[in-house]
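We count residues from 1, following the sequence as given.
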Amino acid sequence: MEFNKFRIRSYEGQSADRAQVENLERKCEVGPSESVFLFTDTLGDPICRIRNSPMYIMLVAEFDNELIGVIQGSIKVVTVQGHPPKDLAKVGYVLGLRVSPHHRRKGIGSSLVRTLEEWFISNDVDYAYMATEKDNHASVNLFMNKFNYIKFRTPSILVNPVNHHSLKISNNIEISRLKIEQAESLYRRFMGSTEFFPNDIGNILRNKLSLGTWMACFKDDINIGPNGQVPNSWAMLSVWNSGEIFKLKIGKAPFCCLLYTKSWCLIDKIFPCLKLPTLPDFFNPFGFYFMYGVYHEGPFSGKLVKALCQFVHNMAKERKDEKCKIIVTEVGGRDELNHHIPHWKLLSCPEDLWCIKALKNEGLSINTFHELTKIPPTRALFVDPREV
């Protein structure tokens, strides 16, 4: 196939487009190896992962009336230290690049990325960024070697299964749900200067997929006062119901993995008194909760973070109709939260690769870009749940 025989256009959302995009998604595995990978079921809405963003687009590559490639992009305003004015920048997020296995290495992926960047530039975006697995050599080669993206951060993706058993939370810890106005105020006050903090945090908190924000403190400590006082040790986080918009499913796995899962579930049914941490059945479609905006302060706040995670686990367990089988969060690679958030190493990813690229050649933007890519992170990284 010659380069000029396929064309790039916007996704039109018609039934024919939806069916072809879903079919393409099924053909393209996502995972760390040839033996284990995930399929994404978008529940009939291929743009579900970007629909809640302030601005978004999906582009498709079409050849002979067949969709052979897709890419998605979203735009928002976030905190970028040192970027004028007011440390705010407009960024474009690249995700969902898929090319049909039978049409790869023919320039389709490059054309999709190039066209998406042109859309970013036309909307005055300062920086484009993307996330991929560090072992995804094709993606790394495309973005870093061909399009000059630079390694930005390597956050950790922490995954914890939802067990059949409720987790016990310490009696001296109080967990309370915050009003949206309280949550927004605290986030802007304590996380407003963190990298990539979204300027429209209020819209995220008010979104129907955001199940709420909770704060934990010790019962003998003070609560939030009228003048904005906070406890000596405290923690907070919010929960996003990703399973409401798409489901995941393991498409293939070694026989030993399947046997282990089934055997472990059987043991738990026979001996429920042992309260074993069960590994859920990942071979049927499942949803997940994403914990975002995880923040803590104080000498004993690590225990409070753990208690909040246990609270979210119990909440997911009680809502059985949601088929929520895992709880996911993403934190900075060097963040001490890694030690306080319960997770299974078997399911987690210690290094997710974020890459960034400056789309403007102005002096201030370039200087800020160099600072971003060279200086180690000094604050937590805010991961927007709309981009998970």
**Request:** Kindly say whether Val294 contributes a backbone atom to a donor-acceptor pair with the side chain of His296 at under 3.5 angstrom?
**Result:** no
**Prompt:** When you measure from the side chain of His83 to the backbone N and O of Leu88, does any donor-acceptor pair fall under 3.5 Å?
**Reply:** yes
**Request:** Only counting residues at least two apart or in another chain, list the ones meeting side chain to side chain donor-acceptor pair (under 3.5 Å) with Tyr187.
**Result:** Ser238
**Request:** Give a yes or no on whether the backbone of Met191 and the side-chain of Thr194 come within a donor-acceptor separation of less than 3.5 Å.
**Result:** yes
**Asked** Which atoms form the tightest heavy-atom contact between Met291 and Cys309, and what is the distance?
**Response** CE-SG, 3.6 Å
**Asked** Heavy atoms, side chains only, cut-off 4.5 Å: are Lys357 and Glu117 in contact?
**Response** yes
**Prompt:** Taking side chain as C-beta onward, heavy atoms only, is Glu195 less than 4.5 Å from Arg153?
**Reply:** yes
**Item:** Val77 with Ile204, same ILVMFWY side-chain cluster at under 4.5 Å
**Value:** no
**Phe288: partners by ring-ring contact (aromatic ring centres under 6.0 Å, His included), with sequence neighbours left out** = Phe246
**Heavy-atom donor-acceptor pair, Ser348 side chain to Trp344 backbone, under 3.5 Å** = yes
**Item:** Atom of Pro161, atom of His313 and distance for their closest heavy-atom approach
**Value:** O-CD2, 3.7 Å
**Prompt:** Taking only residues two or more places apart in sequence or in another chain, which ones pass ring-ring contact (aromatic ring centres under 6.0 Å, His included) with Tyr292?
**Reply:** none
**Request:** Name the orientation class of the two ring planes belonging to Phe197 and Phe382 (parallel below 30°, tilted from 30 to 60°, perpendicular beyond 60°).
**Result:** perpendicular
Would you list the atom pairs, donor with acceptor, under 3.5 Å between side chains in residues 50-57 and any protein atom, with sequence neighbours excluded?
residue: Arg51; atom: NE; partner: Asp45; partner atom: OD2; Å: 2.9
residue: Arg51; atom: NH2; partner: Asp45; partner atom: OD1; Å: 2.9
residue: Asn52; atom: OD1; partner: Asn207; partner atom: ND2; Å: 2.8
residue: Ser53; atom: OG; partner: Ile50; partner atom: O; Å: 3.4

**Any Ile169 side-chain heavy atom under 4.5 Å of Ile175 side chain** = yes
**Any side-chain donor near an acceptor of the partner, Thr154 and Lys134, under 3.5 Å** = no
**Request:** Could you note down all residue pairs passing salt bridge (charged side-chain N to carboxylate O under 4.0 Å, His left out) where residues 199-214 supplies at least one of them, sequence neighbours left out?
**Result:** Glu184-Arg206, Asp200-Arg386
**Request:** With sequence neighbours left out, write down each residue that passes side-chain contact (heavy atoms from CB on, under 4.5 Å) with Cys355, or none if nothing qualifies.
**Result:** Met130, Met144, Tyr149, Leu353
**Prompt:** Is there a side-chain contact between Phe218 and Asn232, using heavy atoms and a 4.5 Å cut-off?
**Reply:** no
**Prompt:** Has the side chain of Asn148 got a donor or acceptor atom that lies under 3.5 Å from a matching backbone atom of Ala358?
**Reply:** no
**Request:** Give a yes or no on this: more than 12 heavy atoms of other residues, nucleotides or ligands lie within 6.0 Å of atom CZ of Phe300.
**Result:** no
**Message:** Students often mix this up, so state it plainly: with edges at 30° and 60°, are the rings of Phe190 and Trp234 parallel, tilted or perpendicular?
**Reply:** perpendicular
**Message:** Quick one, Phe196 with Ile356, criterion side chain to side chain contact (heavy atoms under 4.5 Å, CB included). Give me CA distance, side-chain angles, the key distance, then yes/no.
**Reply:** CA-CA 12 Å; Phe196 279 45; Ile356 192 169; 4.0 Å; yes
**Asked** Which atom pair, heavy atoms only, marks the closest approach of Pro285 to Lys323?
**Response** O-CD, 4.5 Å
**Prompt:** Checking Glu318 side chain against Met315 main chain: does a donor-acceptor pair fall under 3.5 Å?
**Reply:** no
**Message:** Using the ring-ring contact (aromatic ring centres under 6.0 Å, His included) criterion, which residues pair with Phe290? Sequence neighbours excluded.
**Reply:** none
**Message:** I'd like to check the ring-ring contact (aromatic ring centres under 6.0 Å, His included) partners of Trp240; sequence neighbours left out, ordered by chain and number.
**Reply:** none
Table please: side-chain donor-acceptor pairs of residues 60-73 below 3.5 Å, with sequence neighbours left out.
residue: Glu62; atom: OE1; partner: Arg7; partner atom: NE; Å: 3.0
residue: Glu62; atom: OE1; partner: Arg7; partner atom: NH2; Å: 2.9
residue: Glu62; atom: OE1; partner: Arg9; partner atom: NE; Å: 3.3
residue: Glu62; atom: OE2; partner: Arg9; partner atom: NH2; Å: 3.4
residue: Gln72; atom: NE2; partner: Pro46; partner atom: O; Å: 3.4

**Message:** Any non-hydrogen side-chain atom of Leu59 less than 4.5 Å from a side-chain atom of Tyr11?
**Reply:** no
**Message:** Using side-chain heavy atoms (C-beta onward) and a distance below 4.5 Å, is Leu112 in contact with Ile8?
**Reply:** yes
**Asked** Which heavy atom in Tyr93 sits nearest to a heavy atom in Ala131, and how many Å separate them?
**Response** OH-CB, 3.9 Å
**Message:** Taking salt bridge (charged side-chain N to carboxylate O under 4.0 Å, His left out) as the definition, give me every residue that meets it alongside Glu118, ordered by chain and number, with sequence neighbours left out.
**Reply:** none
**Item:** Cluster overlap Val140 with Trp354, hydrophobic side-chain contacts below 4.5 Å
**Value:** no
**Request:** Taking Lys306 for its side chain and Gly302 for its backbone only, find out whether a donor-acceptor pair lies under 3.5 Å.
**Result:** no
**Request:** Check whether any side-chain heavy atom of Glu330 sits under 4.5 Å from a side-chain heavy atom of Ser156, and report yes or no.
**Result:** no
**Message:** Given 3.5 Å as the limit, does a donor-acceptor pair link the side chain of Arg188 with the main chain of Asn199, or not?
**Reply:** yes
**Complete:** For Ser233 and Cys217 the tightest heavy-atom approach is O-CB, 3.8 Å
**Complete:** Heavy-atom nearest pair, Glu244 first then Leu43, reads O-CD1, 4.0 Å
**Request:** Apply side chain to side chain contact (heavy atoms under 4.5 Å, CB included) to the pair Ile157 and Val159, showing each step before the final yes or no.
**Result:** CA-CA 7 Å; Ile157 301 175; Val159 180; 4.2 Å; yes
**Prompt:** Looking only at atom types and distance, does a side-chain atom of Asn314 sit under 3.5 Å from a main-chain N or O of Leu167, one as donor and one as acceptor?
**Reply:** yes
**Message:** Any side-chain to backbone donor/acceptor pair from Asp17 onto Glu12? Under 3.5 Å, distance only.
**Reply:** yes
**Message:** With heavy-atom distances below 4.5 Å as the criterion, would you say the side chains of Leu97 and Phe143 are in contact?
**Reply:** yes
**Asked** Who passes side chain to side chain donor-acceptor pair (under 3.5 Å) against Thr132, sequence neighbours left out?
**Response** Ser139
**Request:** Output every pair passing salt bridge (charged side-chain N to carboxylate O under 4.0 Å, His left out) with a member in residues 68-91, not counting sequence neighbours, ordered by first then second residue.
**Result:** Lys76-Asp384, Lys76-Glu387
